[in-house]
Structure formats: C-alpha cells, structure tokens
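The basis for the numbers below is simple: all heavy atoms, side chains too, and nothing from hydrogens, waters or symmetry mates. Residues: numbered from 1 along the sequence shown. Treat the numbers as computed from the prediction; the structure is a model and nothing was measured. Whatever order the structure lists ligands and atoms in, that order sets their numbers, starting from 1.
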Amino acid sequence: MRDAASNLRTVLEATPAHRRCTIALSGGNTPKRLYAHIESDMPLRQLICDRAELFFSDERAVAPDHPDSNYGMALRHLLQPIGFPPENCHRMSGEETDLHAAADSYERLVTKVVSGLPVPSFDLIMLGMGSDGHTASLFPENRSLPDSSRLVVAPYVASKSTNRISMSLRLINAARHVLFLVTGEDKASMVHAALMHPPSELIPASLVCAQHTIWLLDPAAASQLPEQDAQGS
Ligand code: 6PG
C-alpha cells in the first residue's frame, strides 16, 4: 500500500495551487489497508485534508449508515480518523428510492465541481476489481454501459438483485489518473484476463483506459501474470 500512498501523494502535490485535487474513492474492502496506511502517515493525511475534494466511484442502494455503504466504509476508516472536512466530501445518495434521479443529481454535482470539457476530468479515480471483472458498479451483464453518454449511471445488477449508482466508463476514462488496487489470489485469473487479453465488455475493468492507468497488485493478485509484467505492475 506504500505504492498507492505514493501515487496519491504525487497526484495531490501536482495539483495546481488554485484548486483542490479531485479524487474519487473506490468501494469494496481493499481500500481499508490504504486508509490505515494514510492514517499513520501524518504529512499525507494533512495533505489530503488540505488539498483533496473527495467523491465516490460508486455506491450501493443503501443508506450511508448501512454496513454495505461505500461512503460509510470510507467515513469509518478514513474520513473520521484523519478529520477530513465534511464539506469537501461528496457521497452518492444510495438511500434514494429513485437511484436514476440520484445518479442525475450526482452527475450535475460532478459537472459543476470537476473541471474539464467535454467531460469532467478527475485528477484521480481509485478503482477495485471484482473476481468477475467488474469495476465501480459496472458489471459484465451491463453490456450497454460502455456506450453510455452518461457520466453517472444507475444500472440494475441482476447478480446482486439490486440497482447501484456508478460512474460511467465515459467519466472514468476522462480522468487524468486511474489507480486500480487489486489484491488476493481470487482475483489473479481475472487480472490476467484483464491485462493480457484485448479489452472486452465481458470484463468492464479491461475497458478502463484513462490518461494514466496504473494497476497496483499484491503478489497473489499478480501471480498469473508473466514474470516481467508482475514485477512492473
Ligand atoms: C463495490 C466496489 C467494487 C469493488 C470491487 C472489489 O461497490 O463493490 O466499488 O467495484 O471495488 O468489488 O471489492 P474488494 O476490494 O472488496 O475486493
């Protein structure tokens, strides 16, 4: 997680002084290890508090205090421990009954706060990947999403029997930097498929191609990559 923290620091320090650094946090559990590292790195946590404007790559259809909430996880493991200013953190409203309206509202917020034309360009979007190749809440079954002109979508995810709110590939791929954090043996075969084969709608993570896309893998997640690729990952 030192590499992830180092990438984060580099992006924060490169942000022009006149504006905050726009960062979208990923969901899932992997970021918890990074957040623990940040909490113990006083200069980095102060830099985040001083310079970051935080968003989320996706959210489940739950309230912020629900155990499954991506915002709730970030609040408990990062935002509260480092004293992040709440006015600079923008969660998705997973508790709304109409998630399409919630997605529209978040899209308007992103368009207002994040600079960039024709598509707002985040300084950094952090992502994870599921063992099925999903990223954010873009799942293999959401075949139509790669063509979406939307910036924020609310796909129905049949495998989860629920809608989600998610940044679209169009918004993700407009970012200056995308940082994938993927760990664990259970992801190894999908990491190989995503990185060693042509991009495929069957593997949404493989469709992510921002200005700079970095995959940070632990040895277990990189274990099926050719030796030289694993070292460079
Ligand atoms: C979500 C995430 C999702 C996550 C992957 C990996 O809401 O579930 O945004 O894309 O990053 O499922 O999750 P883990 O880090 O828990 O393996």
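Between Leu195 and Gln224, every side-chain heavy-atom pair lies at or beyond the 4.5 Å cut-off.
Enumerated by chain and number, the residues approaching ligand 1 to less than 4.0 Å through a heavy atom are Gly27, Gly28, Asn29, Thr30, Asp58, Arg60, Asn70, Gly128, Met129, Gly130, His134, Thr135, Ala136, Arg164, Lys187.
Looking at Arg51, its side chain never comes within 3.5 Å of a backbone N or O of Glu13 through a donor-acceptor pair. No donor-acceptor distance shorter than 3.5 angstrom exists from the side chain of Ser105 to the backbone of Ala101, with no hydrogens or angles considered.
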Residues 52-61, side-chain donor-acceptor partners within the protein, below 3.5 Å, at least two apart:
residue, atom, partner, partner atom, Å
Glu53, OE1, Arg20, NE, 3.4
Glu53, OE1, Asn88, ND2, 3.2
Glu53, OE2, His90, NE2, 2.6
Ser57, OG, Leu25, O, 3.4
Asp58, OD2, Ser137, OG, 2.7
Glu59, OE1, Asn70, N, 2.8
Glu59, OE2, Ser69, OG, 3.4
Glu59, OE2, Asn70, N, 3.4
Glu59, OE2, Tyr71, N, 2.9
Arg60, NE, Asn70, OD1, 3.3
Arg60, NH1, Asp68, O, 2.7

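Using the six-membered ring where Trp is involved, His197 and His192 have ring planes that are perpendicular, over 60° apart on the 30 and 60° scheme.
Under the 4.5 Å side-chain contact rule for hydrophobic residues, Val208 and Met196 share a cluster.
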